[in-house]
A.B. asks: 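Questions regarding the structure given below will be posed in turn.
Throughout, numbering of the chain's residues begins at 1 and tracks the sequence. What's counted below: heavy atoms across the whole structure, side chains too, no hydrogens, waters or symmetry copies.
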Amino acid sequence: GRAYSPPWRQRFGKLHISDNVRPFSMTSQVIDITDPHGQSQPMSSPPFPRANPDSPAGAQLRVLRRQARLSQLELALITGVSQRHLSCIETGRAKPGPGTLHNLLMALEAPLEQCNNVFLAAGFAPRYDATPLASPSMEAIREAINHVLHANNPAPAIVLGSHWEVLAANASTHVLFDLVGIKPEAAEGLNLLVTLLQPGGLGDHLINAEEIRTVAWQRASREALGNPQLARILDSLPAPQSTEALTNELPPLLLTRLHSRAGELNFMSTFTTFGMPQDITVTSLRIEHLIPADAQTWQVMTAAYERSK
């Protein structure tokens, strides 16, 4: 008989990571999008302050330590580096070896791009690469993404890059687009931030548009502090209007509420990222899951997904 093939390996679309690499296959009905490969911090990275990449290694370490809200004594206890030696490193009176730098940077949970800046400033080669997602060494990453996207059906899930560009999406994302009145082909080349903030995009279908737009704007603004390309995208978009005063009774989390031909659809948003990444490309990836927040939304999405098969 025919060998078994998991359903997410059947009839893949193509996802183009960049112009100089070959495409790789994602989950069924994946959006075909070009990724202008970029490098940035994950959404959860602390935004303030930012170390100047042209500063000496010690000065950058001092900024990162303060950003982590650690004293020299606390960092010394965590890493096993003496407080005196750490002070000399920060002031430039001592030059750390690559092993000491690695130890300090890992303890500070510094973004990998920032780690490379520190290594360069100290006179060493950059330690971390930004491997194209289509390269053979990233096969396990691609398979993991495929699995997560497929498993999220009938709930939508999208893969976002460092500039909020949509790299791939599962079949239920197309289903949701159709339900709200957006043509599936509109997803090609989609940037989530742009479609939320720019008139005529997905944001126009939100019931709580200003709430969602404000949250998106604030998150992207924090990330843009260390991401010039994202900063340029933000500069081209209209800032959301100020939201009204908060009520005394707040829900456990902010829902994404959408108008659709099947009525109001409500979703919770969660994110999946890769733990313990050692590649800049991997740190930039995040999968957003839109989980139905009520029985009606589950029923609508399940029925529409089944009809789309």
A.B. asks: The criterion is salt bridge (Lys or Arg N to Asp or Glu O under 4.0 Å); which residues satisfy it with Arg257, sequence neighbours excluded?
C.D. replies: Glu264
A.B. asks: Hey, are Asp178 and Lys183 close enough for a salt bridge, meaning a charged N less than 4.0 Å from a carboxylate O?
C.D. replies: no
A.B. asks: Would you say the side-chain atoms of His174 and Ser308 include a donor-acceptor pair closer than 3.5 Å?
C.D. replies: no
A.B. asks: Which heavy-atom pair separates Ala216 from Trp164 by the least distance, and what is that distance?
C.D. replies: O-CH2, 3.8 Å
A.B. asks: For Gln72 and Leu86, which heavy atoms make the closest approach, and how far apart are they?
C.D. replies: O-CD2, 3.4 Å
A.B. asks: Testing the basics here: between Ala122 and Lys95, what is the closest heavy-atom pair and its distance to 0.1 Å?
C.D. replies: O-CE, 3.1 Å
A.B. asks: Have Asn170 and Thr173 got a donor and an acceptor in their side chains that come within less than 3.5 Å?
C.D. replies: yes
A.B. asks: Please tell me whether Thr131 and Asp279 have a donor and an acceptor in their side chains that are separated by less than 3.5 angstrom.
C.D. replies: yes
A.B. asks: In chain order, what residues pass the salt bridge (Lys or Arg N to Asp or Glu O under 4.0 Å) check against Arg307, with sequence neighbours excluded?
C.D. replies: none
A.B. asks: By the side chain to side chain donor-acceptor pair (under 3.5 Å) test, which pairs, at least two apart or in different chains, include something from residues 76-88?
C.D. replies: none
A.B. asks: I'd like to know if Arg65 and Glu74 make a salt bridge, using a cut-off of under 4.0 Å between side-chain N and carboxylate O.
C.D. replies: no
A.B. asks: Please report the shortest heavy-atom distance between Arg213 and Asp204, naming the atom on each side.
C.D. replies: NH2-OD1, 3.1 Å
A.B. asks: Could Glu288 and Arg219 be called an ion pair, given the rule that one side-chain N must be under 4.0 Å from one carboxylate O?
C.D. replies: no
